[in-house]
Protein chains: 2
Amino acid sequence: MANAVQSYHHGDLRSALIEAATARLSEYGVDSLSLRKLAEDAGVSRTAPYHHFKDKSALLSAIAAKGFSDWHTAAKRIFEQEDKTPQARFREFVHEYIGYAADNPEMYELMFGRTIWQNQAATNDLKDVAFPCFQFQVTMTRYWQDKGLLPNNQDALRLAQVTWGTLHGIARLLIDGIYADSSHIEEMCDCAADLFMQKQP
Amino acid sequence: MANAVQSYHHGDLRSALIEAATARLSEYGVDSLSLRKLAEDAGVSRTAPYHHFKDKSALLSAIAAKGFSDWHTAAKRIFEQEDKTPQARFREFVHEYIGYAADNPEMYELMFGRTIWQNQAATNDLKDVAFPCFQFQVTMTRYWQDKGLLPNNQDALRLAQVTWGTLHGIARLLIDGIYADSSHIEEMCDCAADLFMQKQP
DNA sequence: AAGGCTATGTTGACAGTGTCAAGATAAAAC
DNA sequence: GTTTTATCTTGACACTGTCAACATAGCCTT
């Protein structure tokens with residue numbers, strides 16, 4: 001959205017970069033994201049981004065942070081539907097999680113890929129958004145344990161790690177097209193949900 | 001392992017490249033693997049590898065194929081221990097899977113990362129090794145269902161996808177250091193195993 | 001209002017990367 | 001012994017992230 005007037009200072013380059021990156025991300029994938037292209041998209045020179053982000057990883061982290069924030073909001077919306085049974089909400093949560101990953105594979109890849117997490121490269125800004133997101137998973141897990149949906153003899157944190165791990169693993173297998181193809185998404189979600197809620201057939 | 005005699009033809013460059021790559025992989029990680037460095041390791045010029053591998057991805061696929069083959073062997077060994085109960089073998093399988101991933105993070109990353117799977121980039125050679133590996137997971141799943149360890153009301157293929165998905169997800173969370181740290185590996189494994197085998201407390 | 005500080009943007013440069021094209025060498029096939 | 005073929009070489013290209021040095025312009029203080 002570069003406007004007609006080309007002034008020396010961009011005005012809001014940071015936002016423009018994130019916007020351009022988000023657009024490019026969903027269309028061409030995280031691997032084809034280059035700072036130089038993004039700078040060009042924003043109508044600015046190669047090294048201008050460095051005045052707003054420490055390095056490429058920091059830019060990607062900022063985008064991922066937005067993803068986590070969005071997902072956290074979505075998760076809360078699903079979890080807090082008072083008019084639905086806990087069972088229904090749990091099942092919906094599973095489907096929504098996998099659905100989000102399947103619909104936004106590149107964003108998911110970015111959020112949970114090693115690109116931004118490896119070598120403790122994660123920004124503090126990123127951690128600040130991502131950690132509450134996981135904390136919420138623990139909260140939900142504890143709730144579902146209380147409601148008798150999930151086994152009560154397990155530590156909530158471990159169980160949350162395992163349940164999230166399951167969703168994460170299925171999501172990745174789907175996204176990477178390894179051993180699962182997208183035509184069976186719903187069945188896989190139901191299978192996972194059934195597995196967790198073995199007490200309620 | 002370049003020998004003293006420097007002849008124009010290497011002799012067994014293909015093997016040398018794979019060897020060098022495997023060594024570099026575990027030490028420096030998959031991201032720092034470059035064809036040029038590998039060529040240098042093998043004492044050969046930059047483009048020599050192209051006479052043995054179509055491109056970089058093909059070389060990586062060859063290494064991953066070895067990984068799948070090794071893991072398939074390990075899985076069979078665990079599964080076929082006649083002197084142990086199915087429960088014990090299942091539990092051991094879970095621990096071994098996560099343990100393998102935790103001990104060989106870069107190899108695991110390569111085997112299951114998008115580097116070699118994305119865009120249908122997977123070589124046929126790779127698929128030929130990886131697919132039986134997954135088939136075996138289905139076979140084991142069906143066996144455990146028959147033994148009453150895993151829920152019998154689920155399609156074996158779906159259940160295999162979900163159980164593998166769980167292990168895969170936990171492995172990735174651990175490797176990428178996202179929300180789990182390696183000090184709780186055993187607890188997480190037990191939690192996952194318990195979750196699957198809810199009928200046997 | 002004048003001058004300086006600072007945020008922001010620029011060009012130049014460097015060391016990397018994967019990969020193609022064209023030519024050199026040696027081993028194998030005939 | 002000659003020709004084919006597999007293998008290896010150098011040269012080149014486009015691309016990447018990132019640093020250093022310099023340019024511009026808006027803001028802050030005096």
Side-chain angles (χ1 to χ4, degrees), chain A residues 1-21 24-25 28-64 110 113-116 118-119 121-123, chain B residues 1-21 24-25 28-64 110 113-116 118-119 121-123:
Chain A
M1 293 313 136
N3 49 14
V5 184
Q6 185 81 340
S7 65
Y8 191 88
H9 286 82
H10 181 283
D12 196 5
L13 182 55
R14 191 174 206 279
S15 303
L17 285 170
I18 292 185
E19 196 175 324
R24 247 180 210 282
L25 177 65
Y28 303 106
V30 60
D31 289 328
S32 77
L33 275 184
S34 97
L35 281 183
R36 294 167 103 109
K37 284 183 200 154
L38 294 178
E40 193 174 9
D41 284 357
V44 105
S45 80
R46 297 148 269 156
T47 59
Y50 285 89
H51 292 273
H52 299 272
F53 300 97
K54 178 181 154 286
D55 54 18
K56 185 182 183 183
S57 175
L59 201 171
L60 297 180
S61 290
I63 302 167
L110 177 61
R114 63 164 26 199
T115 311
I116 53 177
Q118 72 183 338
N119 311 329
T123 317
Chain B
M1 299 312 140
N3 50 13
V5 184
Q6 183 81 338
S7 66
Y8 191 88
H9 286 81
H10 181 284
D12 196 5
L13 182 55
R14 192 176 204 278
S15 303
L17 285 171
I18 292 185
E19 197 176 324
R24 247 180 210 281
L25 177 65
Y28 303 106
V30 60
D31 289 327
S32 78
L33 276 184
S34 96
L35 282 183
R36 295 168 104 108
K37 284 183 200 154
L38 294 178
E40 193 174 10
D41 283 358
V44 103
S45 81
R46 298 148 267 154
T47 58
Y50 284 90
H51 293 272
H52 299 272
F53 300 97
K54 178 181 154 288
D55 55 17
K56 185 182 183 182
S57 175
L59 200 171
L60 296 181
S61 290
I63 302 166
L110 177 60
R114 64 164 23 200
T115 311
I116 55 177
Q118 71 184 339
N119 311 329
T123 318

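Each chain gets a letter, A, B and so on, in the order its sequence line appears, and its residues count up from 1.
- A heavy-atom distance below 4.0 Å to DNA chain C is reached by these residues of residues 30-38 of chain B, ordered by number: Leu33(B), Ser34(B), Leu35(B), Arg36(B), Lys37(B).
- With rounding to the nearest 0.5 Å, the separation of CZ in Arg14(B) from CG in Leu59(B) is 8.0 Å.
- The side-chain hydrogen bond (donor to acceptor under 3.5 Å, both in side chains) analysis of residues 46-57 of chain A, with sequence neighbours excluded, yields no pairs.
- In this structure, CG in Leu60(B) is found 7.5 Å from CG in Leu35(B), a value given to the nearest 0.5 Å.
- Closest non-hydrogen pair, Leu33(A) versus Ala21(A), comes out as CD2-O, 3.9 Å.
- Within the 4.5 Å cutoff, no side-chain heavy atoms of Thr123(B) are placed close to those of Phe53(B).
- Leu60(B) has its CG atom 12 Å from the C1' atom of dG18(C), to the nearest Å.
- Between the CG atom of Leu38(B) and the CG atom of Leu13(B) there is a distance of 10.0 Å, given to the nearest 0.5 Å.
- Ser32(A) meets the side-chain contact (heavy atoms from CB on, under 4.5 Å) test with Tyr28(A); sequence neighbours excluded.
- The heavy-atom pair separating Ser45(A) from Ala39(A) by the smallest distance is O-CB, 3.5 Å.
- Interatomic distance, Ile116(A) CD1 to Leu110(A) CG, rounded to the nearest 0.5 Å: 5.0 Å.
- Within a heavy-atom distance below 4.0 Å of DNA chain D, the residues of residues 45-57 of chain A found are Thr47(A), Tyr50(A), Asp55(A), Lys56(A).
- Terminal axes of the helix from dA1(C)-dT30(D) to dC30(C)-dG1(D) (five pairs each, C1' rotation axis) are separated by 0°, to the nearest 10°.
- The distance between atom CD of Glu40(A) and atom P of dG9(C), rounded to the nearest whole Å, is 16 Å.
- When the salt bridge (Lys or Arg N to Asp or Glu O under 4.0 Å) test is applied to Arg24(A), the partners found at least two apart in sequence or on another chain are Asp41(A).
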